[in-house]
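Worksheet: one structure, shown below.
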Amino acid sequence: MIARLTSMRRVIVQLWHDCRATVMVEMAFAIPFLVLVGFAGLEIANVTLTKTRISQIGLSAADNASRIAFGSALSQPSIREIDINEVFTGVEEQAKGLNFATRGRVILSSLEQNEDDGQWIHWQRCYGNLDVDSEYGPQGTGATGTDFPGMGPAGAEIKASTGTAVMFVEIVYDYEPLLYGKALGTQRMRSTAAFNIREGRDLSQVYNPSPSVTVSTCS
(Lines give C-alpha, C1' and ligand atoms only; values in the text may rest on other atoms or scores of the structure.)
Protein backbone atom coordinates (compact mmCIF):
# COMPACT_ATOMS: atom_id res chain seq x y z
CA MET A 1 0.00 0.00 0.00
CA ILE A 2 2.82 2.39 0.93
CA ALA A 3 4.65 1.47 -2.26
CA ARG A 4 1.53 2.24 -4.33
CA LEU A 5 1.07 5.65 -2.68
CA THR A 6 4.74 6.41 -3.25
CA SER A 7 4.40 5.50 -6.92
CA MET A 8 1.32 7.74 -7.32
CA ARG A 9 3.12 10.58 -5.59
CA ARG A 10 6.04 10.18 -7.98
CA VAL A 11 3.71 10.30 -10.99
CA ILE A 12 1.96 13.44 -9.70
CA VAL A 13 5.28 15.18 -9.11
CA GLN A 14 6.44 14.28 -12.61
CA LEU A 15 3.24 15.66 -14.13
CA TRP A 16 3.57 18.80 -12.03
CA HIS A 17 7.05 19.48 -13.39
CA ASP A 18 6.27 18.42 -16.97
CA CYS A 19 6.13 21.66 -19.05
CA ARG A 20 6.02 20.07 -22.49
CA ALA A 21 2.31 20.87 -23.05
CA THR A 22 2.34 24.31 -21.47
CA VAL A 23 2.65 26.14 -24.79
CA MET A 24 -0.19 24.12 -26.31
CA VAL A 25 -2.49 24.97 -23.39
CA GLU A 26 -1.56 28.65 -23.59
CA MET A 27 -2.15 28.72 -27.34
CA ALA A 28 -5.51 27.03 -26.90
CA PHE A 29 -6.57 30.00 -24.77
CA ALA A 30 -4.83 32.66 -26.87
CA ILE A 31 -5.75 31.64 -30.43
CA PRO A 32 -9.46 32.62 -30.26
CA PHE A 33 -8.48 36.05 -28.92
CA LEU A 34 -5.81 36.48 -31.60
CA VAL A 35 -8.30 35.50 -34.31
CA LEU A 36 -10.79 38.12 -33.06
CA VAL A 37 -8.07 40.79 -32.96
CA GLY A 38 -6.88 39.82 -36.45
CA PHE A 39 -10.39 40.02 -37.92
CA ALA A 40 -10.95 43.35 -36.17
CA GLY A 41 -7.77 44.64 -37.82
CA LEU A 42 -9.07 43.54 -41.22
CA GLU A 43 -12.39 45.27 -40.56
CA ILE A 44 -10.70 48.53 -39.55
CA ALA A 45 -8.50 48.42 -42.63
CA ASN A 46 -11.50 47.83 -44.90
CA VAL A 47 -13.47 50.68 -43.28
CA THR A 48 -10.52 53.04 -43.79
CA LEU A 49 -10.09 51.96 -47.41
CA THR A 50 -13.82 52.36 -48.13
CA LYS A 51 -13.90 55.85 -46.58
CA THR A 52 -10.94 56.85 -48.73
CA ARG A 53 -12.64 55.51 -51.86
CA ILE A 54 -15.88 57.35 -51.06
CA SER A 55 -13.98 60.60 -50.55
CA GLN A 56 -12.06 60.17 -53.81
CA ILE A 57 -15.24 59.37 -55.74
CA GLY A 58 -16.82 62.60 -54.48
CA LEU A 59 -13.76 64.65 -55.40
CA SER A 60 -13.63 63.16 -58.90
CA ALA A 61 -17.36 63.75 -59.48
CA ALA A 62 -17.11 67.42 -58.46
CA ASP A 63 -13.95 67.91 -60.53
CA ASN A 64 -15.46 66.27 -63.63
CA ALA A 65 -18.66 68.32 -63.31
CA SER A 66 -16.61 71.53 -63.07
CA ARG A 67 -14.87 70.74 -66.37
CA ILE A 68 -18.05 70.31 -68.45
CA ALA A 69 -18.08 72.78 -71.33
CA PHE A 70 -20.17 71.77 -74.32
CA GLY A 71 -20.30 74.05 -77.35
CA SER A 72 -18.22 75.74 -79.99
CA ALA A 73 -15.82 78.66 -79.83
CA LEU A 74 -18.61 80.88 -81.21
CA SER A 75 -20.95 80.35 -78.25
CA GLN A 76 -20.74 80.26 -74.48
CA PRO A 77 -20.20 76.69 -73.21
CA SER A 78 -23.27 75.02 -71.76
CA ILE A 79 -24.05 71.94 -69.71
CA ARG A 80 -26.32 69.10 -70.88
CA GLU A 81 -28.12 66.30 -69.09
CA ILE A 82 -25.99 63.78 -70.96
CA ASP A 83 -22.86 65.45 -69.57
CA ILE A 84 -24.16 65.06 -66.02
CA ASN A 85 -25.06 61.43 -66.68
CA GLU A 86 -21.51 60.83 -67.89
CA VAL A 87 -20.20 62.21 -64.60
CA PHE A 88 -22.36 59.64 -62.83
CA THR A 89 -21.06 56.92 -65.17
CA GLY A 90 -17.61 57.82 -63.86
CA VAL A 91 -18.91 57.41 -60.32
CA GLU A 92 -20.24 53.96 -61.20
CA GLU A 93 -16.88 52.91 -62.61
CA GLN A 94 -14.92 54.18 -59.61
CA ALA A 95 -17.31 52.50 -57.16
CA LYS A 96 -17.06 49.00 -58.62
CA GLY A 97 -17.22 46.37 -55.90
CA LEU A 98 -19.08 48.64 -53.46
CA ASN A 99 -22.61 47.96 -54.76
CA PHE A 100 -22.90 51.73 -54.77
CA ALA A 101 -25.99 51.94 -56.97
CA THR A 102 -27.97 50.20 -54.20
CA ARG A 103 -26.23 51.37 -51.03
CA GLY A 104 -25.05 54.85 -52.02
CA ARG A 105 -26.07 58.20 -53.47
CA VAL A 106 -24.26 61.10 -55.09
CA ILE A 107 -26.01 64.48 -55.00
CA LEU A 108 -24.61 67.02 -57.46
CA SER A 109 -25.74 70.62 -56.95
CA SER A 110 -25.00 73.77 -58.91
CA LEU A 111 -24.49 76.53 -56.35
CA GLU A 112 -24.92 79.96 -57.93
CA GLN A 113 -25.89 83.53 -57.07
CA ASN A 114 -29.53 84.57 -57.41
CA GLU A 115 -30.75 87.95 -58.64
CA ASP A 116 -30.56 89.32 -55.08
CA ASP A 117 -26.87 88.34 -54.81
CA GLY A 118 -27.79 85.54 -52.42
CA GLN A 119 -26.78 81.89 -52.69
CA TRP A 120 -28.99 79.55 -54.70
CA ILE A 121 -29.09 75.83 -55.54
CA HIS A 122 -30.04 76.35 -59.19
CA TRP A 123 -30.24 72.69 -60.16
CA GLN A 124 -29.58 69.34 -58.51
CA ARG A 125 -29.05 65.84 -59.92
CA CYS A 126 -28.59 62.47 -58.19
CA TYR A 127 -27.23 58.98 -58.76
CA GLY A 128 -27.82 55.94 -56.55
CA ASN A 129 -30.88 54.37 -54.93
CA LEU A 130 -30.08 55.20 -51.29
CA ASP A 131 -33.01 57.26 -50.02
CA VAL A 132 -31.28 60.39 -48.69
CA ASP A 133 -31.71 64.08 -49.44
CA SER A 134 -29.21 66.89 -49.58
CA GLU A 135 -28.31 68.26 -46.16
CA TYR A 136 -28.53 71.77 -47.60
CA GLY A 137 -31.88 71.64 -49.33
CA PRO A 138 -33.41 70.60 -52.65
CA GLN A 139 -33.15 72.23 -56.05
CA GLY A 140 -34.42 75.79 -55.86
CA THR A 141 -33.28 76.48 -52.30
CA GLY A 142 -32.31 80.15 -52.00
CA ALA A 143 -33.90 81.17 -55.31
CA THR A 144 -34.72 84.59 -53.84
CA GLY A 145 -33.37 86.66 -51.02
CA THR A 146 -30.14 86.28 -49.08
CA ASP A 147 -31.15 83.96 -46.24
CA PHE A 148 -29.51 80.85 -47.68
CA PRO A 149 -25.86 80.96 -46.51
CA GLY A 150 -24.38 78.53 -49.02
CA MET A 151 -23.33 74.89 -48.83
CA GLY A 152 -20.95 73.28 -46.40
CA PRO A 153 -20.32 73.18 -42.63
CA ALA A 154 -22.10 75.83 -40.60
CA GLY A 155 -19.94 78.90 -40.31
CA ALA A 156 -17.69 77.83 -43.17
CA GLU A 157 -20.15 77.63 -46.05
CA ILE A 158 -18.94 77.68 -49.64
CA LYS A 159 -20.37 80.55 -51.68
CA ALA A 160 -20.57 81.08 -55.42
CA SER A 161 -19.32 84.33 -56.96
CA THR A 162 -21.19 86.45 -59.49
CA GLY A 163 -21.37 84.93 -62.97
CA THR A 164 -19.93 81.56 -62.00
CA ALA A 165 -21.04 78.36 -60.26
CA VAL A 166 -19.71 75.84 -57.76
CA MET A 167 -20.22 72.14 -58.43
CA PHE A 168 -20.99 70.82 -54.95
CA VAL A 169 -21.08 67.06 -54.40
CA GLU A 170 -22.50 65.22 -51.43
CA ILE A 171 -21.81 61.49 -51.35
CA VAL A 172 -23.48 59.10 -48.91
CA TYR A 173 -22.80 55.38 -48.58
CA ASP A 174 -24.11 52.68 -46.22
CA TYR A 175 -21.14 50.47 -45.33
CA GLU A 176 -21.88 46.89 -44.31
CA PRO A 177 -19.14 45.35 -42.11
CA LEU A 178 -17.36 42.29 -43.48
CA LEU A 179 -17.37 40.18 -40.33
CA TYR A 180 -19.18 41.93 -37.52
CA GLY A 181 -22.29 43.08 -39.34
CA LYS A 182 -24.77 41.90 -36.71
CA ALA A 183 -22.78 43.44 -33.87
CA LEU A 184 -21.78 46.74 -35.49
CA GLY A 185 -24.69 47.31 -37.86
CA THR A 186 -24.61 49.43 -41.01
CA GLN A 187 -22.36 52.49 -40.86
CA ARG A 188 -23.33 55.56 -42.90
CA MET A 189 -20.39 57.32 -44.52
CA ARG A 190 -20.65 60.91 -45.76
CA SER A 191 -18.28 63.10 -47.71
CA THR A 192 -18.48 66.39 -49.61
CA ALA A 193 -16.43 68.02 -52.34
CA ALA A 194 -16.67 71.27 -54.29
CA PHE A 195 -15.02 72.73 -57.37
CA ASN A 196 -15.63 76.06 -59.07
CA ILE A 197 -16.40 75.67 -62.78
CA ARG A 198 -13.21 75.96 -64.81
CA GLU A 199 -14.45 78.44 -67.42
CA GLY A 200 -17.43 80.60 -68.27
CA ARG A 201 -20.66 78.65 -68.69
CA ASP A 202 -24.21 79.34 -69.78
CA LEU A 203 -25.90 79.16 -66.37
CA SER A 204 -29.43 79.75 -67.56
CA GLN A 205 -30.39 76.07 -67.62
CA VAL A 206 -29.30 72.47 -68.11
CA TYR A 207 -29.94 71.62 -71.74
CA ASN A 208 -31.33 68.33 -73.02
CA PRO A 209 -31.18 68.54 -76.83
CA SER A 210 -32.44 65.84 -79.17
CA PRO A 211 -31.87 62.96 -78.80
CA SER A 212 -32.76 63.68 -75.18
CA VAL A 213 -31.67 61.49 -72.25
CA THR A 214 -33.30 60.58 -68.97
CA VAL A 215 -32.77 63.29 -66.36
CA SER A 216 -31.08 62.03 -63.17
CA THR A 217 -33.51 63.73 -60.83
CA CYS A 218 -33.30 63.44 -57.06
CA SER A 219 -36.98 62.58 -56.54
Side-chain angles (χ1 to χ4, degrees), residues 53-71 76-96 98-116 118-145 147-152 157-160 164-175 186 188-198 201-219:
R53 288 187 66 185
I54 293 300
S55 177
Q56 290 299 317
I57 290 169
L59 284 168
S60 294
D63 188 21
N64 291 337
S66 73
R67 296 174 184 272
I68 296 172
F70 175 77
Q76 191 174 31
S78 61
I79 184 169
R80 304 170 300 169
E81 297 292 352
I82 191 172
D83 301 318
I84 297 173
N85 289 351
E86 286 176 353
V87 170
F88 292 147
T89 298
V91 169
E92 186 177 0
E93 288 298 314
Q94 280 189 276
K96 280 186 175 179
L98 294 177
N99 192 17
F100 190 88
T102 300
R103 298 202 301 238
R105 171 160 278 206
V106 171
I107 305 171
L108 172 62
S109 302
S110 180
L111 181 65
E112 304 170 22
Q113 278 195 2
N114 61 26
E115 293 182 354
D116 301 317
Q119 298 299 299
W120 172 35
I121 300 177
H122 185 183
W123 54 262
Q124 197 170 76
R125 300 291 185 270
C126 294
Y127 166 77
N129 295 327
L130 186 64
D131 188 16
V132 292
D133 298 321
S134 170
E135 291 188 317
Y136 308 103
Q139 174 177 305
T141 299
T144 59
D147 292 337
F148 181 55
M151 304 180 76
E157 292 89 355
I158 292 173
K159 300 179 185 294
T164 186
V166 174
M167 298 291 99
F168 193 95
V169 166
E170 300 165 74
I171 182 167
V172 188
Y173 177 71
D174 280 349
Y175 172 80
T186 301
R188 179 155 290 182
M189 299 178 176
R190 291 181 178 270
S191 183
T192 59
F195 278 83
N196 203 77
I197 58 174
R198 301 305 176 91
R201 178 186 291 176
D202 179 355
L203 301 177
S204 62
Q205 63 176 303
V206 179
Y207 293 88
N208 197 6
S210 180
S212 60
V213 299
T214 302
V215 180
S216 300
T217 60
C218 295
S219 59

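Since this is a predicted model, take the numbers as computed values, not measurements. Every heavy atom of this structure was used, including side-chain atoms; hydrogens, water molecules and symmetry mates were not.
Proximity of a side-chain donor or acceptor of Asn114 to a complementary backbone N or O of Asp116 within less than 3.5 Å is detected. Between the side chain of Glu112 and the main chain of Ala165, no donor-acceptor pair closer than 3.5 Å is present. In this structure, Thr141 contributes its side chain and Pro138 its backbone to a donor-acceptor pair below 3.5 Å. No donor-acceptor pair closer than 3.5 Å links the side chain of Arg125 to the backbone N or O of Ser110.
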Stepwise side-chain contact (heavy atoms from CB on, under 4.5 Å) check, His122 with Gln205
CA-CA 8 Å; His122 185 183; Gln205 63 176 303; 5.6 Å; no
Does Ile54 form a side-chain contact (heavy atoms from CB on, under 4.5 Å) with Leu98? I'd like the steps, not just the answer.
CA-CA 10 Å; Ile54 293 300; Leu98 294 177; 4.2 Å; yes
Run Glu157 and Tyr136 through side-chain contact (heavy atoms from CB on, under 4.5 Å) and show every step you take.
CA-CA 10 Å; Glu157 292 89 355; Tyr136 308 103; over 6 Å; no
Trace of the side-chain contact (heavy atoms from CB on, under 4.5 Å) decision for Arg201 with Ser78:
CA-CA 5 Å; Arg201 178 186 291 176; Ser78 61; 5.6 Å; no
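Annotation for Ile158 and Ala194: closest pair CD1-CB, 3.5 Å, computed over non-hydrogen atoms. When all heavy atoms are compared, the tightest approach of Trp120 to Gly142 is CB-O, 3.4 Å. Considering all non-hydrogen atoms of both residues, Asp202 and Ser204 come closest at OD1-OG, 2.7 Å. Considering every non-hydrogen atom in both Val91 and Phe100, the closest pair reads CG1-CE2, 4.1 Å. Closest of all the heavy-atom pairs between Ser191 and Ser55 is OG-CA, 3.7 Å. Across all non-hydrogen atoms, the minimal contact from Gln119 to Gln113 is NE2-CG, 3.8 Å.
Side-chain atoms of Val87 and Ile68, non-hydrogen and from C-beta on, do get closer than 4.5 Å to each other. Residues Ile82 and Phe70 form no side-chain contact, since every pair of their non-hydrogen atoms from C-beta on lies 4.5 Å or further apart. The shortest side-chain heavy-atom distance between Leu111 and Ser109 does not fall under the 4.5 Å cut-off. Side-chain contact check for Tyr173 versus Leu130: every heavy-atom pair is 4.5 Å or farther apart. The side-chain heavy atoms of Ile121 and Phe148, taken from C-beta on, include a pair separated by under 4.5 Å.
Within 6.0 Å of the CD atom in Glu115, the count of heavy atoms belonging to other residues, nucleotides or ligands does not exceed 12.
Judged as a side-chain contact (heavy atoms from CB on, under 4.5 Å), and not counting sequence neighbours, the contacts of Thr164 are Ser161, Asn196, Ile197. Taking the salt bridge (Lys or Arg N to Asp or Glu O under 4.0 Å) definition, one finds that Asp133 meets it with nothing, sequence neighbours left out. For Asp63, the side-chain contact (heavy atoms from CB on, under 4.5 Å) partners at least two apart in sequence or on another chain are Ser66, Arg67, Phe195, Arg198. By the salt bridge (Lys or Arg N to Asp or Glu O under 4.0 Å) test, Arg80 pairs with Asp83, sequence neighbours left out. Looking at residues two or more places apart in sequence or on another chain, you find no side chain to side chain donor-acceptor pair (under 3.5 Å) involving Arg105.
The CZ atom of Arg190 sits 8.0 Å away from atom CD of Glu170, with the distance rounded to the nearest 0.5 Å. Expressed to the nearest 0.5 Å, how far OG1 of Thr192 lies from CD of Glu135 amounts to 8.5 Å. With values rounded to the nearest 0.5 angstrom, Leu59 atom CG is found 10.5 Å from Asn64 atom CG. Note that the OH atom of Tyr127 and the CD1 atom of Ile107 stand 14.0 Å from one another [nearest 0.5 Å].
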Which side-chain N or O atoms in residues 212-219 pair as donor and acceptor under 3.5 Å with protein atoms at least two apart or in another chain?
| from | atom 1 | to | atom 2 | distance (Å) |
| --- | --- | --- | --- | --- |
| Ser216 | OG | Asn85 | OD1 | 2.6 |
| Thr217 | OG1 | Ser219 | OG | 3.4 |

